[in-house]
J.: 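Please read through the structure below; I'll follow up with questions.
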Amino acid sequence: MTDINTSVATATAAAAQGSSSATSTASGSAGLTSDFETFLKMLTAQARYQDPLEPIDSTEYAAQLAQFSMVEQQVQTNDTLTALFAQMDSSNMASLAGWVGMEIRADTPVHFDGKPVTVSPGVAQTADAAYLVVTAADGREIQRSAIDLTGDPVQWAGVDESGAPFANGVYSFSVDSFRNGTEITPVTTEVYGRISEAQFKDNAVVLVLEGGPSVAASEVSALRQGG
């Protein structure tokens, strides 16, 4: 029994040394791989310093070897999953490139550069009056104008009452709905903005619009070709 245990221990120690050497040449070893190396060292030390008069029980040792095999397989599985995720990320990034230049509709500020902005106003169903409210980047309300109650898209020209254009910059849009002179619960107002960049951030797709505003892809309600 001792000879068998000694042979197995020797083979395990050799495997541990080989694995340790390979690990020392790799970069970024952490997590489960680190636990795997620790397990090998403990198993080797247990075999090396066992009492010859009371050797490790073969059943217990076999169970430890089975555990060793399971940990090794888990490490290999994690490596495979990491490689697959890397391939998926590359594929996703390639597909996201097709979004650049398109226009998305979402509840987000947009950059005004002198061209009209398409607004999809959120008008409450029970409203008898509604106003499109335009707010500058610093939070100032710069314009308020009455709109139809249909909720059909409107074009914000970006000019004041005298026809003078507003300065280029980022603006936000909302709708104040009223019934019998009392303001009622607002409905989300969305605008169209052109995508200048698509990126992964915190395991989510983020779309950066022209002028700097960004919006999560999950918050986009429509997508169209850029005009």
Side-chain angles (χ1 to χ4, degrees), residues 88-227:
M88 291 174 62
D89 286 346
S90 298
S91 175
N92 288 338
M93 289 301 292
S95 63
L96 286 178
W99 288 45
V100 176
M102 300 189 73
E103 292 184 343
I104 56 104
R105 189 180 72 196
D107 179 13
T108 178
V110 291
H111 183 261
F112 171 68
D113 59 1
K115 300 177 182 178
V117 176
T118 302
V119 182
S120 181
V123 179
Q125 291 184 350
T126 58
D128 56 22
Y131 299 88
L132 177 66
V133 180
V134 184
T135 307
D138 59 6
R140 292 180 300 109
E141 179 181 317
I142 64 167
Q143 193 172 57
R144 175 183 291 261
S145 53
I147 58 175
D148 291 337
L149 302 178
T150 59
D152 292 336
V154 297
Q155 296 290 320
W156 182 66
V159 297
D160 61 20
E161 285 69 17
S162 66
F166 288 107
N168 291 0
V170 175
Y171 295 89
S172 299
F173 299 83
S174 61
V175 171
D176 287 347
S177 297
F178 294 85
R179 181 171 180 80
N180 298 327
T182 302
E183 187 172 0
I184 55 181
T185 304
V187 178
T188 300
T189 293
E190 298 179 325
V191 295
Y192 279 93
R194 188 186 303 273
I195 302 171
S196 62
E197 181 181 348
Q199 56 184 227
F200 281 110
K201 186 176 183 180
D202 298 330
N203 297 321
V205 176
V206 175
L207 304 174
V208 181
L209 307 182
E210 290 181 348
S214 61
V215 59
S218 59
E219 298 177 2
V220 174
S221 61
L223 182 70
R224 71 183 186 185
Q225 292 290 340

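All values derive from a computational prediction rather than experimental measurement.
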J.: Does some side-chain heavy atom of Phe200 sit less than 4.5 Å from a side-chain heavy atom of Val205?
T.: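 Result yes, sub-4.5 Å side-chain heavy-atom pair found.
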J.: Which pairs pass side chain to side chain donor-acceptor pair (under 3.5 Å) with one or both residues in residues 172-186, sequence neighbours excluded?
T.: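 Applying side chain to side chain donor-acceptor pair (under 3.5 Å) to every pair that reaches into residues 172-186, excluding sequence neighbours, yields Arg144-Asp176.
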J.: Please lay out, stage by stage, how Phe173 and Val117 fare under the test side-chain contact (heavy atoms from CB on, under 4.5 Å).
T.: CA-CA 10 Å; Phe173 299 83; Val117 176; 4.2 Å; yes
J.: Identify the two heavy atoms, one from Ser214 and one from Val206, that lie closest to each other, and give their separation to 0.1 Å.
T.: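 What the structure gives for the nearest pair is CB-CG1, 3.9 Å.
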J.: Can you tell me how far the CD atom of Glu219 sits from the OG1 atom of Thr108, to the nearest 0.5 Å?
T.: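 Glu219 CD to Thr108 OG1: 8.0 Å, rounded to 0.5 Å.
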J.: Not counting sequence neighbours, which residues clear side-chain contact (heavy atoms from CB on, under 4.5 Å) with Thr150? List them please.
T.: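 Only Asp148, Asp152 meet the side-chain contact (heavy atoms from CB on, under 4.5 Å) criterion with Thr150.
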J.: Is there side-chain contact between Gln143 and Glu161, with heavy atoms separated by less than 4.5 Å?
T.: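 Side chain of Gln143 against side chain of Glu161, heavy atoms only: contact under 4.5 Å found.
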J.: Would you say the side-chain atoms of Ser221 pair up with the backbone N or O of Arg105, donor to acceptor, closer than 3.5 Å?
T.: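 Side chain of Ser221 to backbone of Arg105, a donor-acceptor pair under 3.5 Å: yes, one is there.
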J.: I want to check something: taking the side chain as every heavy atom from C-beta on, are Ile104 and Leu209 in contact at a cut-off of under 4.5 Å?
T.: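 Yes, side chains in contact.
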J.: With the side chain counted from C-beta on, respond yes when Tyr171 and Ile142 share a heavy-atom pair under 4.5 Å apart, and no when they do not.
T.: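 In contact.
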J.: Once rounded to the nearest 0.5 Å, what's the spacing between atom CD1 of Ile147 and atom CG of Leu132?
T.: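 That separation rounds to 5.5 Å.
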J.: Just wondering, do Gln225 and Glu103 contact through their side chains at under 4.5 Å, heavy atoms?
T.: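 Not in contact.
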J.: Mind checking the CZ-CG spacing from Phe166 to Asp160? Nearest 0.5 Å is all I need.
T.: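 Rounded to the nearest 0.5 Å, the CZ-CG separation comes to 5.0 Å.
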J.: With a 6.0 Å cut-off (strictly less than), is the heavy-atom count around CD of Gln125, excluding the residue itself, greater than 12?
T.: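 No.
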J.: In the structure I gave you, are the side-chain heavy atoms of Thr118 and Gln155 within less than 4.5 Å of one another anywhere?
T.: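 Sidechains of Gln155 and Thr118: in contact.
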